[in-house]
Protein chains: 2
Amino acid sequence: MTPTLHDVARVAGVSIKTVSNVINAHPHVRPATREKVQRAIAELGYTPNLTARSLRSGRTGVIALAVPDLSFSYFAELAGMVIARAEERGVVVLVEQTGGERDRERELLRSPRLGLTDGLILSPLGLEASDLADRPRTYPTVLLGERVYDAPVDHVTMQNVDAARAATQHLLAAGRRRIAVLGAHDDDGAAGLRLRGHRAALADAGVAHDPDLIVETRFWDRAGGADAVRDLLARGVDFDAVFGLNDTLALGAIRALQEAGRRVPDEVAVVGFDDLDEAAYAIPSLTTIDPGRQWIAQTAVDTLLGRVGDAAGEARVVSAPFEVRVRESAPAR
Amino acid sequence: MTPTLHDVARVAGVSIKTVSNVINAHPHVRPATREKVQRAIAELGYTPNLTARSLRSGRTGVIALAVPDLSFSYFAELAGMVIARAEERGVVVLVEQTGGERDRERELLRSPRLGLTDGLILSPLGLEASDLADRPRTYPTVLLGERVYDAPVDHVTMQNVDAARAATQHLLAAGRRRIAVLGAHDDDGAAGLRLRGHRAALADAGVAHDPDLIVETRFWDRAGGADAVRDLLARGVDFDAVFGLNDTLALGAIRALQEAGRRVPDEVAVVGFDDLDEAAYAIPSLTTIDPGRQWIAQTAVDTLLGRVGDAAGEARVVSAPFEVRVRESAPAR
DNA sequence: ATGAAAGCGCTAACAC
DNA sequence: GTGTTAGCGCTTTCAT
């Protein structure tokens with residue numbers, strides 16, 4: 001069996017309290033005693049049972065992170081950042097995939113599985129505001145990105161509307177007037193918010209808005225972006241720019257444009273949204289919006305840990321600073 | 001406070017044992033009693049304390065997965081598959097990033113942090129065989145991919161040598177003779193093994209091997225692949241094919257080739273290794289090796305869970321079936 | 001079919 | 001400065 005405090009105490013010839021004191025770096029331990037205990041620990045290869053410690057202390061040192069799917073670079077990179085920040089703060093991260101399904105997301109908010117964690121960072125896709133109502137108030141939760149709920153939950157979000165508006169403004173400033181939007185969807189999610197920003201920019205500039213240029217896609221992936229562009233071309237729609245509502249759509253669009261012999265950015269400028277690592281290495285490199293992922297990851301972890309053991313206080317809603325990253329696919333002019 | 005078994009028992013007017021029986025679907029409970037208990041559970045919103053259960057049972061239902069970095073698509077996709085399989089098997093996954101650093105990897109093998117997990121799947125990069133010696137024998141561990149250690153640890157690996165040989169054979173069969181290798185490194189890791197397979201294929205075909213064609217890179221990323229190609233071009237090395245030892249290198253290479261005006265695959269054919277989701281969507285789409293990641297992820301989880309609670313038995317070393325995925329960047333002919 | 005009670009390994013309040 | 005002891009919430013013999 002693995003050695004326990006009692007074993008160490010016996011070997012060292014002291015009580016378990018003393019051993020506990022040594023382990024927890026309690027100040028008042030005589031050096032000689034500390035020495036004895038440490039020798040016993042080394043000899044037995046003792047390592048504290050974290051489960052027991054958790055039961056006692058009520059903390060596990062584990063937080064949960066739930067994202068739709070790690071095979072999407074956006075969420076993989078986000079998860080990496082969350083884990084890195086968590087490590088800095090001395091906790092580890094349990095990662096779940098929801099597939100963006102409302103049921104899985106809702107379930108996570110009250111799953112007993114969470115009994116092993118001190119809190120949850122959830123990046124929802126299908127969740128409805130009503131799902132947040134019957135949530136156990138005591139369990140620290142932070143909602144991430146995308147969608148804003150009108151519920152008493154901490155929320156770390158991004159400026160979907162303003163950032164999308166900035167993206168479209170960038171294209172307009174470069175002289176583009178026929179901007180196709182890929183991945184659009186009239187909802188309260190990221191798609192709807194970004195579309196709203198796009199329209200605001202058009203309105204600001206007094207550019208008419210043409211429904212033909214708005215393309216819905218089944219998924220926000222490369223195939224979706226490529227298919228959307230092929231669809232535009234097939235329908236004979238005239239356009240001189242593409243705004244992919246995320247980078248993957250934009251990258252798929254570039255592929256389809258090149259297949260069709262349309263030069264990027266000369267004939268068609270392309271901007272994305274997310275600033276994936278990949279965006280900088282695409283051919284051509286992708287002009288995109290950095291929605292502040294690093295900031296989001298860090299703030300989410302810090303906010304969550306701030307709630308652990310002290311759940312009180314108003315729900316905070318903060319949103320990350322964003323930036324336009326100008327690259328080859330849509331230069332300034 | 002959150003309700004406990006005792007609270008439920010009191011409200012239901014039974015003993016905690018009976019409540020426990022109901023929760024754990026114990027067969028011998030009278031329907032009327034079960035009913036009463038379930039009402040009490042619902043009324044109180046009781047949810048079992050998993051920490052206490054873990055302490056008692058010795059199991060946590062959590063496994064740890066340690067990979068170098070989630071911002072590398074290969075590991076992100078692998079992690080997603082591991083998590084998905086784990087969910088099917090009823091456990092959750094704690095994800096750690098090692099940065100590929102030996103110290104972090106070594107530490108994980110005996111970290112007390114692991115006290116919260118039932119086992120560890122480790123995808124090592126820097127680890128040495130000697131690091132495996134002083135590992136606690138009782139803690140279920142599975143080593144993943146890449147490198148083969150001569151140690152009594154379960155190992156789910158890929159056929160680095162044979163798969164790389166197949167990649168080079170594919171290029172040779174297409175008539176290429178001057179094959180540049182990117183990301184090479186003479187070690188016992190993936191780089192060294194894949195390089196070995198490449199050389200074996202050359203030798204089989206009686207093609208001379210030219211050291212000028214072997215390029216080391218600092219990292220296995222896009223920038224590394226692009227720089228390596230630029231270096232070859234700058235040195236005036238003659239080549240008609242590129243074997244990127246992973247997909248990211250190959251994708252970076254394609255970018256640099258296109259920048260330099262070399263047509264892919266006409267002038268230079270390119271193959272990668274990994275079969276990232278992205279490989280199918282690149283321009284041109286990337287011919288690559290699928291090293292059997294899905295199989296690896298599932299087998300790793302299944303092997304690990306097989307060890308939990310029954311650590312005995314010979315260490316198993318299994319290796320995944322691989323396949324050449326022929327796409328545009330290096331067609332069959 | 002249900003209850004009483006021991007104990008998983010640890011922390012911390014309280015003695016000495 | 002160090003020892004004693006009472007739980008944390010659960011599962012699980014052993015009675016009844």
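Residue numbers begin at 1 in each chain, while the letters A, B, ... track the order of the sequences. Computed from a predicted model, the values in this text were never measured in an experiment.
- Residue A:T51 is classed as having no contact, given no heavy-atom separation below 4.0 Å to the nucleic acid.
- Distance, B:L5 CG to D:dG9 P: 10 Å, rounded to whole Å.
- Summarising the geometry, atom OG1 belonging to B:T141 is positioned 10.0 Å from atom CD1 belonging to B:I121; distances are rounded to the nearest 0.5 Å.
- Ionic pairing of A:R106 and A:D131 is present here: one or more N-O contacts between side-chain nitrogen and carboxylate oxygen are shorter than 4.0 angstrom.
- Whole-Å rounding puts the B:L116 CG to C:dG9 P distance at 15 Å.
- Nucleic acid contact class of A:T18 (heavy atoms, under 4.0 Å, all strands): sugar-phosphate only.
- The interatomic distance linking B:I23 (CD1) with D:dT11 (P) rounds to 7 Å, in whole Å.
- Nucleotide D:dT4 holds its P atom 9 Å from the CD1 atom of A:I16, rounded to whole Å.
- Looking at heavy-atom distances under 4.0 Å, B:S20 makes contact with a base.
- Side-chain nitrogen and oxygen atoms of B:S15 include at least one within less than 4.0 Å of the OP1 or OP2 phosphate oxygen of C:dG3.
- Ion pair A:R104/A:E96 flagged as a salt bridge, since at least one NZ, NE, NH1 or NH2 atom sits closer than 4.0 Å to an Asp/Glu carboxylate oxygen.
- Checking A:D154 against A:T303 by side-chain atom types alone, no donor-acceptor pair falls below 3.5 Å.
- Comparing D:dG9, D:dT13, D:dG1 by their nearest atom to the side chain of B:N49 picks out D:dG9.
- If you check D:dT13, D:dT5, D:dG9 against the side chain of A:L55, the one that comes closest is D:dG9.
- For the atom pair CG of B:N49 and OG1 of B:T2, the computed distance is 7.0 Å after rounding to the nearest 0.5 Å.
- In terms of phosphate contacts, B:R53 brings a side-chain nitrogen or oxygen within less than 4.0 Å of OP1 or OP2 of D:dT11.
- For A:R56 against C:dG9, no side-chain N or O and base N or O form a donor-acceptor pair under 3.5 Å.
- Qualifying salt bridge (charged side-chain N to carboxylate O under 4.0 Å, His left out) partners for B:D302, counting only residues two or more places apart in sequence or in other chains: B:R85, B:R89.
- Across the protein-nucleic acid pair, A:H6 atom NE2 and C:dC10 atom P stand 9 Å apart, rounded to whole Å.
- Ion pairing between A:R39 and A:E35 holds under the 4.0 Å rule for side-chain N and carboxylate O.
- Contact annotation: B:S54 does not reach the phosphate of C:dC8 (side-chain N/O to OP1 or OP2, under 4.0 Å).
- Judged purely by distance below 3.5 Å, without hydrogens or angles, the side chains of A:Y139 and A:T117 pair a donor atom with an acceptor atom.
- The separation between B:R10 atom CZ and D:dG9 atom P is 13 Å, rounded to whole Å.
- Residue whose closest nucleotide on DNA chain C sits further toward the 5' end, between B:R34 and A:Y46: B:R34.
- For B:T4, whose side chain is taken as the heavy atoms from C-beta onward, the closest listed nucleotide among D:dT13, D:dG9, C:dA1 is D:dG9.
- When distances run from any side-chain atom of A:K17 to the nucleotides C:dT11, D:dT2, C:dA13, the shortest one goes to C:dA13.
- Comparing A:N24 and B:N21 along DNA chain C, the residue whose closest nucleotide (by nearest heavy atom) sits nearer the 5' end is B:N21.
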Quiz item: Can you give the dot-bracket line for DNA chain C, using ( ) for pairs inside the strand, [ ] for pairs that cross earlier ones, | for pairs with another strand and . for unpaired bases, where Watson-Crick and G-U count if both distances are under 3.5 Å?
Solution: ||||||||||||||||
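- Atom CG of A:D118 and atom P of D:dC8 are 19 Å apart (whole Å).
- One interatomic measurement links the two molecules: CD of A:E35 to P of D:dG1, which rounds to 18 Å at whole-angstrom precision.
- An OP1 or OP2 oxygen of D:dG1 is reached within less than 4.0 angstrom by no side-chain nitrogen or oxygen of A:T33.
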